[in-house]
Amino acid sequence: MNKNKTMPAAAHTENSTDTALLDVKDLKTYFLTDAGIVKAVDGVSFTLHEGETLGLVGESGSGKSVTNLSIMRLIPSPPGKIVGGEIVFEGQDILKLPEKELRKIRGNKVSMIFQDPMTSLNPFLKISTQMVETIMLHNKDVSKKEALERSIEMLKLVGIPSAEKRIFSYPHQFSGGMRQRVMIAMALSCNAKVLIADEPTTALDVTIQAQILELIKDLSVKLKTAVIIITHDLGVVAGMCDKVCVMYAGRIVEKADTDDLYASPSHPYTEGLIMSVPRMDVAHKNDRLFSIEGQPPNVIDLPPCCPFHPRCHKDMEVCRHAYPPTVGVGSGHEVSCWLYVDEAQRNLALEKALADEQHAAADAVQTNARKEAAK
Amino acid sequence: MTKYIIRRLLGIIPTLFIIVTLSFFIVRIAPGGPFDGERALPEVVKRNIEAKYHLDEPVIQQYGRYLFDVLRGDLGPSYKYKDHDVNYFIAASLPNSIVLGLISMMLALVFGISAGVIAAVKQNTWVDYTAMALAIVGISIPLFVISPIMQYVFAMKLKWFPTSGWFTSGGGWRSVVLPAIALSFSYFADVARLTRSSMLETLRSDYIRTAKAKGMRNSTIIFKHTMKGAMLPIVSYLGPAFAGILTGSVVVEQVFRVPGLGKFFVQSSFNRDYTLIIGVVIVYSVILVIMNFIVDIVYAQLDPRITYK
């Protein structure tokens with residue numbers, strides 16, 4: 001597509017996974033609520049290499065934001081808890097770091113920008129205060145004056161006009177788009193290795209959206225920052241990302257290079273998502289846009305099945321009884337769907353799942369009988 | 001800003017005018033007068049007294065006379081205590097109430113805010129439960145219960161402080177301690193609860209998440225990023241609270257024999273001492289109006305989004 005797209009892809013093929021900047025392995029983040037255990041993120045794995053841009057796509061509640069808040073260890077606890085997995089950043093497992101070490105990573109090596117720029121900046125503190133404190137926190141030998149200079153430089157970089165004056169303003173004196181620019185400037189002021197952008201444009205109007213995305217893209221190339229973009233907008237992914245992870249009900253259902261994903265979407269869910277994006281060049285049947293029927297599942301106490309099966313137009317018997325394994329369907333292209341498992345294995349899995357269910361049912365009957373007897 | 005301040009100060013004048021007018025007529029509408037006793041006075045005596053205080057004039061004339069006196073800063077003679085006028089009583093008692101009120105409020109603020117902040121930070125731990133239980137006690141146990149208990153324990157049993165008295169009547173600084181603590185209790189409770197809920201709300205806000213994502217230390221997050229916003233509800237609570245506490249408390253003054261203003265609120269009403277009633281009402285109103293004015297100014301200082309023009 002352009003320069004920054006080909007460069008990291010090349011790096012990706014040359015290096016093996018052990019040089020990954022960020023390696024998320026089997027991450028599980030649950031929320032313990034009165035209604036039951038919400039498995040917001042249930043076994044998510046992905047890697048991010050230097051300079052790469054990764055897109056996390058999914059509907060609301062699919063676990064995109066929770067995944068990234070877990071990387072920053074910002075899950076509100078209680079009720080949230082990271083119950084399993086590893087998040088390896090520069091060789092260290094973030095989940096095992098003490099609070100003090102963790103703070104050295106937050107905002108320094110891994111930065112985050114949020115969905116709503118209107119509420120994400122502290123309304124009581126000047127922009128200068130908020131930027132300077134971040135720089136001085138992570139660079140002990142920098143004086144206040146130097147930090148201020150660096151802040152102004154960053155504001156200029158993100159395109160704030162007359163930054164020398166405006167840095168002394170309060171957040172409410174900026175528009176939404178400008179505030180998001182400030183957030184980006186602040187996030188990148190310590191030369192972060194990874195920038196996590198949690199729906200950075202959702203709260204902005206369309207004309208500003210494109211500018212902000214362009215800015216993130218430019219800066220990630222200029223500053224060699226790897227970016228994770230969380231979005232539900234496939235258009236954003238197509239324009240910015242090298243790789244895409246599609247999430248559904250707390251799990252990654254498909255993972256692929258962007259071009260690959262759009263050319264040959266494998267999971268029926270991905271297919272549906274791509275088909276539901278309006279396109280100029282394709283005439284739609286009856287002039288109606290495709291939509292995926294039904295609602296995303298409630299992630300409280302999900303049964304062991306493919307969570308997408310009630311909405312899937314290709315669902316099979318096995319989909320209703322067992323979660324599909326992850327299979328490779330191309331270089332770097334993985335999908336969790338029974339369609340790509342050969343029939344013999346599928347039948348085997350179905351038999352096993354049914355047997356398990358029978359066991360469970362029998363157990364339930366037994367315990368019930370025992371309860372009755374006890375009465 | 002200067003313009004705003006001047007406009008607000010000028011606005012105090014019509015407010016006070018309305019308060020004086022309303023209270024002047026309301027006290028006269030109430031049945032009975034200052035010289036109606038158990039035994040009826042001889043007709044001549046009553047007429048003489050009324051003539052002396054101009055109570056025989058038409059009400060509207062009395063009102064004009066009173067308004068004129070107030071404008072000159074004279075709140076009139078007391079109808080009950082014939083040796084002194086209202087100005088004397090207020091001048092003698094208000095400073096005591098202010099001293100006691102200020103000390104109490106400082107105690108309430110220091111301990112209330114600390115307790116509220118700690119309770120919010122350690123939400124749902126024993127610290128939180130203890131602080132909030134203490135606040136519930138402060139709110140629900142009335143002053144006339146707490147005060148004698150404190151006298152019994154700290155004055156009679158432990159003998160740390162005198163049971164009653166006041167530093168102007170030779171009680172020393174120790175005599176201030178018990179009434180100040182007693183008076184501060186309910187304010188402490190209010191401040192602690194307000195601070196806690198406000199802190200909790202602010203700690204959940206997006207910009208605190210941003211601060212955490214920047215890697216800020218917990219103490220920095222609490223003191224630099226959360227406190228300023230969380231203090232806004234406390235500040236607006238403090239306006240009326242200050243007006244209340246500075247004008248004294250009948251119970252505390254009675255129990256600890258503090259020569260404060262509070263007792264006049266009750267006594268003057270029982271005595272139908274018209275001028276004294278209106279006098280204390282004016283004092284209370286002036287303090288309330290000024291406090292609200294200060295609150296608005298402080299608000300603008302705390303919250304940059306508020307500007308006055």
Side-chain angles (χ1 to χ4, degrees), chain A residues 65 68-69 71-76 78-79 99-127 129-139 168-173 179 182-183 186-187 189-190 192 195-198 203, chain B residues 1 113 117 119-129 195 197-236 295-309:
Chain A
S65 291
N68 287 283
L69 286 173
I71 295 174
M72 296 291 267
R73 291 229 332 242
L74 285 174
I75 296 292
E99 183 76 19
K100 206 177 154 201
E101 295 301 310
L102 185 66
R103 281 203 306 266
K104 287 183 186 158
I105 292 179
R106 283 181 187 160
N108 187 20
K109 291 178 173 167
V110 183
S111 283
M112 198 160 182
I113 53 176
F114 298 96
Q115 185 172 354
D116 193 354
M118 303 309 273
T119 55
S120 293
L121 286 164
N122 192 328
F124 301 101
L125 301 175
K126 284 178 185 161
I127 301 292
T129 315
Q130 300 189 45
M131 290 194 71
V132 166
E133 72 172 1
T134 318
I135 295 171
M136 289 184 72
L137 181 75
H138 296 299
N139 304 280
F168 298 109
S169 315
Y170 286 98
H172 72 274
Q173 290 160 317
R179 284 189 219 184
V182 172
M183 282 296 292
M186 199 156 75
S189 61
C190 295
L195 175 70
I196 299 172
D198 189 350
Chain B
M1 193 69 179
I113 291 177
V117 169
V121 173
K122 307 259 175 212
Q123 197 197 357
N124 296 330
T125 62
W126 66 269
V127 190
D128 181 20
Y129 297 138
T195 307
S197 64
S198 174
M199 282 293 288
L200 284 178
E201 202 185 310
T202 315
L203 282 171
R204 271 195 286 268
S205 65
D206 284 355
Y207 61 85
I208 297 304
R209 188 183 55 186
T210 307
K212 284 183 192 158
K214 289 199 300 188
M216 307 305 298
R217 235 176 265 116
N218 252 339
S219 53
T220 318
I221 289 176
I222 289 161
F223 291 109
K224 189 171 176 185
H225 286 262
T226 317
M227 283 284 264
K228 217 171 170 188
M231 281 306 111
L232 289 180
I234 317 292
V235 171
S236 37
V295 164
D296 287 346
I297 301 290
V298 173
Y299 236 86
Q301 294 304 315
L302 281 179
D303 192 342
R305 287 168 297 186
I306 298 175
T307 45
Y308 300 121
K309 280 184 198 118

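All values reported here derive from a predicted model rather than from experimental measurement.
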**Asked** Roughly how far, to the nearest 0.5 Å, is the NE2 atom of A/His138 from the NZ atom of A/Lys109?
**Response** 10.5 Å
**Request:** Without swapping roles, check the side chain of B/Asp303 against the backbone of B/Tyr299 for a donor-acceptor pair under 3.5 Å.
**Result:** no
**Request:** Considering only heavy atoms and a distance below 4.5 Å, find which of A/Pro123, A/Pro76, A/Gly107, A/Ala192 pairs most often with chain B.
**Result:** A/Pro123
**Message:** To the closest 0.5 Å, what do you measure between CZ (A/Arg179) and NE2 (A/His172)?
**Reply:** 8.5 Å
**Item:** Closest heavy-atom pair and its distance - B/Lys214, A/Thr134
**Value:** CD-OG1, 3.1 Å
**Request:** Check for a donor-acceptor pair, side chain of B/Arg209 on one end and backbone N or O of A/Ser120 on the other, with a separation under 3.5 Å.
**Result:** no
**Asked** Would a distance-only check, ignoring hydrogens and angles, find a side-chain to backbone donor-acceptor pair under 3.5 Å from A/Gln173 to A/Tyr170?
**Response** yes
**Asked** With a 4.5 angstrom heavy-atom cut-off, which part of B/Arg217 approaches chain A: side chain, backbone, both or neither?
**Response** both
**Message:** Please check: side-chain N/O of B/Thr226 versus main-chain N/O of B/Ile221, any donor-acceptor pairing under 3.5 Å?
**Reply:** yes
**Request:** Please flag which part of A/Leu69 lies under 4.5 Å from any non-hydrogen atom of chain B: side chain, backbone, both or neither.
**Result:** side chain
**Complete:** Between the CD1 atom in A/Ile105 and the CG atom in A/Leu102, the distance rounded to the nearest 0.5 Å is 6.5 Å
**Item:** Under 4.5 Å from a heavy atom of chain B, the part of A/Thr119 involved
**Value:** both
**Request:** Can you tell which part of A/Met118 gets under 4.5 Å to a heavy atom of chain B, answering side chain, backbone, both or neither?
**Result:** neither
**Which atoms of B/Leu232 approach chain A - backbone, side chain, both or neither, heavy atom under 4.5 Å** = side chain
**Request:** Could you look at B/Ile208 and say if it's the side chain, the backbone, both or neither that has a heavy atom under 4.5 Å from chain A?
**Result:** neither
**Asked** Which one of B/Thr220, B/Thr210, B/Asn218, B/Leu302 has the most heavy-atom pairs closer than 4.5 Å to chain A?
**Response** B/Thr210
**Request:** Check each atom of A/Leu137 against the heavy atoms of chain B and say whether the ones under 4.5 Å are side chain, backbone, both or neither.
**Result:** side chain
**Item:** chain A contacts, top residue of B/Arg305, B/Lys224, B/Lys228 (heavy-atom pairs, under 4.5 Å)
**Value:** B/Arg305
**Message:** What part of A/Phe124 gets within 4.5 angstrom of chain B, counting heavy atoms only: side chain, backbone, both, or neither?
**Reply:** both
**Prompt:** Does any heavy atom of chain B fall under 4.5 Å from the side chain of A/Glu99, the backbone, both, or neither of them?
**Reply:** neither
**Interatomic spacing from CE in A/Met183 to CD1 in A/Ile113 - rounded to 0.5 Å** = 7.0 Å
**Asked** Between A/Met72, A/Arg106, A/Lys100, which shows the greatest number of heavy-atom pairs under 4.5 Å with chain B?
**Response** A/Arg106
